Amino acid sequence: MNRAELADFLRRGRARLGPADVGLAPGTRRRTPGLRREEVASLAGMSADYYTRLEQCRGPRPSRQMLVALARALRLTDDEGDHLFHLVGEEPPRRETASAHVRPGLLLVLDRLYDSPAQVVTDCGTVLAQNAPAKALVGDALARPPRERNLTRRFFLDPTARALFPAEDLPAHARDHVANLRAVAAAHPEDPEPAALVAELRSASEEFARLWDEHEVSRRRPAKKRFLHPVVGLLELDCEVLLSHERRQHLIIHTARPGTESHERLQLLRVVGLQDMTPRNPAGRT
């Protein structure tokens, strides 16, 4: 681990970004250009003290998950992200897998979508980045452990994930998840992630195993979706799916048509933010 080079690389990466580049308000006057240390730490999901120690050449070796988070927070390109891994003495992520580096241009688009829930998801279903409205709508995926950030895995193994949707919509969601995963697994047989996910879910979920045996195939595509939010209620949203050039990362955007009740509720959701995201049962108990 080259602490001096790592510290310099982090400082320079932080200095070249402004608040607008990452979707933050300018705030008070800044004495030096670039983001503050606490802002980078917040974007990466780490403590400000830990990040500060990295810049001061005295922090412990970051984990691979932390390196991915730092690359995302600093809007690094794939080459810059690989360099970050090398400075810590780690091999960069394998290129035949879906990259965990979200392209800076894609993150820039995500940051500009301040009024529509949007998130970047791998073709295998792992959430890589979210804007604030998406966190308010479906919860903060990046606050969960890495294994629990996959939408397909959570849908079949975590009952709370299903509380986001009306009960009558769940069968269609289940089929869509399975059909997409089958398409991804077949298209990228060299990638161990979809194969491992299929093996885990076939073993842990009878529903998944049954649907998998039906051999339906379908990629993620634009659709209408209904969400049950615990505060603002039912939202009927248009789901648009934009692909990265290598088709392994999706920018998923949810919008509501102006003048509809769902549009009004989506505006309310911007005000509500991340308050009270815990689903409640009919008796009112958590």
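Predicted, not measured: the structure shown is a model, and the values here were computed from it.
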Quiz item: Does the pair T260 and H263 meet the rule for a side-chain contact (heavy atoms from CB on, under 4.5 Å), with working shown?
Solution: CA-CA 5 Å; T260 63; H263 185 263; 3.5 Å; yes
Practice problem: Give the C-alpha distance, both sets of side-chain angles, the deciding distance and a yes or no for side-chain contact (heavy atoms from CB on, under 4.5 Å) between D238 and R257. | Solution: CA-CA 8 Å; D238 293 317; R257 296 183 181 181; 3.4 Å; yes
Exercise. Please report the C-alpha distance between L164 and L137 in whole Å, then the side-chain angles of each, then the deciding distance to 0.1 Å, and finally whether the side-chain contact (heavy atoms from CB on, under 4.5 Å) criterion is met.
Key: CA-CA 9 Å; L164 291 170; L137 177 64; over 6 Å; no
Quiz prompt | Full working for side-chain contact (heavy atoms from CB on, under 4.5 Å) between V198 and R202 | solution = CA-CA 6 Å; V198 169; R202 291 193 74 180; 3.9 Å; yes
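The shortest heavy-atom contact between T152 and L197 is CB-CD2, 4.4 Å. Between L107 and A129, the shortest heavy-atom contact is CD2-CB, 3.9 Å. Scanning all heavy atoms of the two residues, the minimum distance from A71 to G81 falls at CB-CA, 4.5 Å. A pairwise comparison of heavy atoms in A136 and H229 identifies O-NE2, 2.9 Å as the closest pair. When all heavy atoms of M1 and L54 are compared, the pair lying nearest together is CE-CD2, 4.4 Å. Heavy-atom minimum distance, A4 versus C57: CA-SG, 3.8 Å.
Linking ILVMFWY side-chain heavy atoms closer than 4.5 Å, directly or via other members, places L170 and L201 in a single hydrophobic cluster. Residues L268 and L235 fall within the same hydrophobic cluster, defined by Ile, Leu, Val, Met, Phe, Trp and Tyr side chains chained together at heavy-atom separations under 4.5 Å. L266 and V231 fall within a single hydrophobic cluster, where Ile, Leu, Val, Met, Phe, Trp and Tyr are joined by side-chain heavy atoms under 4.5 Å apart, directly or via other members. Under the 4.5 Å side-chain heavy-atom criterion for Ile, Leu, Val, Met, Phe, Trp and Tyr, V102 and L242 are members of the same hydrophobic cluster. In this structure, L6 is a member of the same hydrophobic cluster as L43, with clusters built from ILVMFWY side-chain heavy atoms closer than 4.5 Å.
Scanning for side chain to side chain contact (heavy atoms under 4.5 Å, CB included) contacts around A118 gives L110, L113, N131, L251, I253, with sequence neighbours left out. When the salt bridge (Lys or Arg N to Asp or Glu O under 4.0 Å) test is applied to R12, the partners found at least two apart in sequence or on another chain are D8. For the side chain to side chain donor-acceptor pair (under 3.5 Å) test, residues two or more places apart in sequence or in another chain that qualify with D169 are R226. H83 pairs by the ring pair (Phe, Tyr, Trp, His ring centres under 6.0 Å) definition with F9, not counting sequence neighbours. Taking the ring pair (Phe, Tyr, Trp, His ring centres under 6.0 Å) definition, one finds that F85 meets it with nothing, sequence neighbours left out. When the side chain to side chain donor-acceptor pair (under 3.5 Å) test is applied to E240, no partner is found at least two apart in sequence or on another chain. A48 is linked by a side chain to side chain contact (heavy atoms under 4.5 Å, CB included) to E38, A41, counting only residues two or more places apart in sequence or in another chain. Here E90 pairs with R64 under the side chain to side chain donor-acceptor pair (under 3.5 Å) rule; sequence neighbours left out. Residues satisfying the side chain to side chain contact (heavy atoms under 4.5 Å, CB included) test with L142, not counting sequence neighbours, are R72, D140, R149.
Under the 4.5 Å side-chain criterion, counting only non-hydrogen atoms from C-beta, D115 is not in contact with P133. Looking at H254 and F227, their side chains come closer than 4.5 Å, going by heavy atoms from C-beta outward. Two residues are said to be in side-chain contact when any heavy atoms from C-beta on lie closer than 4.5 Å; V241 and R219 fail this criterion. Under the 4.5 Å side-chain criterion, counting only non-hydrogen atoms from C-beta, V121 is not in contact with Q249. Between N180 and S218 the shortest side-chain heavy-atom distance does not fall below 4.5 Å. Between E216 and V178 there is no side-chain heavy-atom pair separated by less than 4.5 Å. Here the side chains of E39 and L17 are not in contact, with every heavy-atom distance at 4.5 Å or above. Using a 4.5 Å heavy-atom threshold, the side chains of V127 and V120 count as separate.
Ion pair R248/D191 flagged as a salt bridge, since at least one NZ, NE, NH1 or NH2 atom sits closer than 4.0 Å to an Asp/Glu carboxylate oxygen. Ion pairing between R175 and E214 holds under the 4.0 Å rule for side-chain N and carboxylate O. Salt bridge present: E207 and R162 bring a charged side-chain N and a carboxylate O closer than 4.0 Å. The pair E206-R210 does not count as a salt bridge, with every side-chain nitrogen at least 4.0 angstrom from each carboxylate oxygen.
L228 belongs to a hydrophobic cluster whose remaining members, ordered by chain and number, are L234; membership requires side-chain heavy atoms of ILVMFWY residues under 4.5 Å apart, directly or through intermediates.
The closest side-chain donor-acceptor pair between S205 and E200, if any, does not fall under 3.5 angstrom.
Considering CG of L211 and CG of D213, their distance stands at 9.0 Å, rounded to 0.5 Å. Here the CD atom belonging to E5 is positioned 11.0 Å from the CG atom belonging to L10, to the nearest 0.5 angstrom. Note: R75 CZ to L35 CG = 8.5 Å, rounded to the nearest 0.5 Å. Of the inter-residue distances, the one linking C124 atom SG with R153 atom CZ reads 12.0 Å to the nearest 0.5 angstrom. Separating the OG1 atom in T126 from the CG atom in N150 is a distance of 4.0 Å, to the nearest 0.5 Å.
Counting only distance, with no hydrogens or angles, the side chain of Q267 and the backbone of S262 share no donor-acceptor pair below 3.5 Å. Panel note: side chain Q119, backbone L128; no donor-acceptor pair is recorded below 3.5 Å.
Sequence neighbours left out, the pairs with a member in residues 48-60 that pass salt bridge (charged side-chain N to carboxylate O under 4.0 Å, His left out) are R14-E55, R37-E55, D49-R53. Applying the ring pair (Phe, Tyr, Trp, His ring centres under 6.0 Å) rule to pairs touching residues 114-159 yields F155-H177, F156-F208, sequence neighbours excluded.
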